[in-house]
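All of these numbers come straight from a predicted model, not from anything done at the bench.
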Amino acid sequence: SVISSPGIVLLALLMSDVFVMRKMVSSMPICTPGSFQCQVLLSDLFDRAVKLSHYIHSLSTEMYEDLDQQFSQGRQILGKAINSCHTSSLSTPEDKDQALQTHHDDLINLVQKLLRSWNQPLQHLALEAPDNMASKVKEVEEHAKILQGGIDRIAGRMQSNLGDDFYPQWFGPMDSRMPNGDSESYALYHMLHCFRRDANKIDNYLKILRCRMVHASNC
């Protein structure tokens, strides 16, 4: 059947309205902190990310504590080596108060940079770790990769630009001369110390971001 002239005009108007609405939706921010839309889009993603980051931090603490007793007498050496973590060049908030003052784009960037900076060291750890630790390292490595993908999705929903691809490079385990000649085990201990520190930062930053973006800082 042939559509009458008024029908054609009405159809044209409806199509025009649909086009305008699509344009409006596409130009709207995907997520505004504290909005209902933001909660629906981000709450599940953040919950999964925080569960992963908390689990990664827990595993890193377990692995570190497994070796901590062995090197309890070497803490003076470790104290001098803390700043030699390969991620120390990355400028991060000194404490929770500073992190709370940091813009959400900067926090999500820091999380991703820290995660990426540990890709290669975790691969090395998975190959070099003692048998009783290898399965935990492999689990951490797999969970860290999943978390990176989750952070990409979260950043997309927040319309955050993850910035350049720069992240601290790792150039191999720390070269230390231990009095008892156990340099390889100490290098592993040092790496786990650094990773636990960074895993704690990642976990804390994600919890701050979830509170800010999903609950409008009301937590």
Distance check, rounded to the nearest 0.5 Å: [X] atom [atom1] versus [Y] atom [atom2]?
| X | Y | atom1 | atom2 | value |
| --- | --- | --- | --- | --- |
| Met133 | Asp66 | CE | CG | 5.0 Å |
| Ser60 | Tyr55 | OG | OH | 11.5 Å |
| Ser53 | Leu114 | OG | CG | 12.0 Å |
| Leu115 | Leu52 | CG | CG | 10.0 Å |
| Lys201 | Thr92 | NZ | OG1 | 3.0 Å |
| Arg157 | Asp44 | CZ | CG | 9.5 Å |

Go through the structure and list residues passing ring-ring contact (aromatic ring centres under 6.0 Å, His included) with Tyr205, not counting sequence neighbours.
->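 Per chain and number, Tyr205 pairs via ring-ring contact (aromatic ring centres under 6.0 Å, His included) with no residue.
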Sequence-distant partners of His124, ring-ring contact (aromatic ring centres under 6.0 Å, His included), two or more places apart |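 By the ring-ring contact (aromatic ring centres under 6.0 Å, His included) rule, His124 matches Trp170.
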Applying side-chain contact (heavy atoms from CB on, under 4.5 Å), run through Met213 and Ile154 and close with a yes or a no.
-> CA-CA 10 Å; Met213 300 303 299; Ile154 288 171; over 6 Å; no
Tell me whether [X] contacts the main-chain N or O of [Y] through its side chain, where contact means a donor paired with an acceptor under 3.5 Å.
| X | Y | value |
| --- | --- | --- |
| Gln148 | Gln112 | no |
| Asn204 | Asn200 | yes |
| Asp203 | Ala199 | no |

May I have the step-by-step check of side-chain contact (heavy atoms from CB on, under 4.5 Å) for Arg212 and Leu107, ending in yes or no?
-> CA-CA 11 Å; Arg212 188 184 299 173; Leu107 280 181; 4.1 Å; yes
Step-by-step side-chain contact (heavy atoms from CB on, under 4.5 Å) determination, Glu128 to Leu188 | CA-CA 8 Å; Glu128 300 296 327; Leu188 174 65; 5.9 Å; no
Would you mind reporting whether [Y] and [X] have side-chain heavy atoms less than 4.5 Å apart?
| X | Y | value |
| --- | --- | --- |
| Leu42 | Arg210 | no |
| Leu192 | Leu125 | yes |
| Leu206 | His54 | no |
| Leu110 | Pro93 | yes |

Distance-minimising heavy-atom pair for [X] and [Y]:
| X | Y | answer |
| --- | --- | --- |
| Leu122 | Ala144 | CD1-CB, 4.1 Å |
| Cys85 | His193 | SG-CD2, 4.4 Å |
| Ser84 | His190 | OG-NE2, 3.1 Å |

Can you check salt bridge (Lys or Arg N to Asp or Glu O under 4.0 Å) on Glu142 and Lys145, steps first, answer last?
-> CA-CA 5 Å; Glu142 289 170 359; Lys145 286 177 183 175; over 6 Å; no
Quick check: are there more than 12 heavy atoms from other residues, nucleotides or ligands sitting under 6.0 Å from CG of Asp95?
->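 Yes, because the 6.0 Å sphere around CG of Asp95 holds more than 12 heavy atoms from other groups.
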Classify the ring geometry between Trp118 and His86 as parallel (under 30°), tilted (30 to 60°) or perpendicular (over 60°).
->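 Taking His86 first and then Trp118, their aromatic rings stand perpendicular (interplane angle over 60°).
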Are any of the side-chain nitrogens in Lys138 or Glu141 under 4.0 Å away from the carboxylate oxygens of its partner?
->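 Looking at Lys138 and Glu141, the cut-off is met.
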After noting the C-alpha distance and the side-chain angles of Lys113 and Thr87, does the key distance pass the side-chain contact (heavy atoms from CB on, under 4.5 Å) rule?
-> CA-CA 9 Å; Lys113 286 180 188 297; Thr87 54; over 6 Å; no
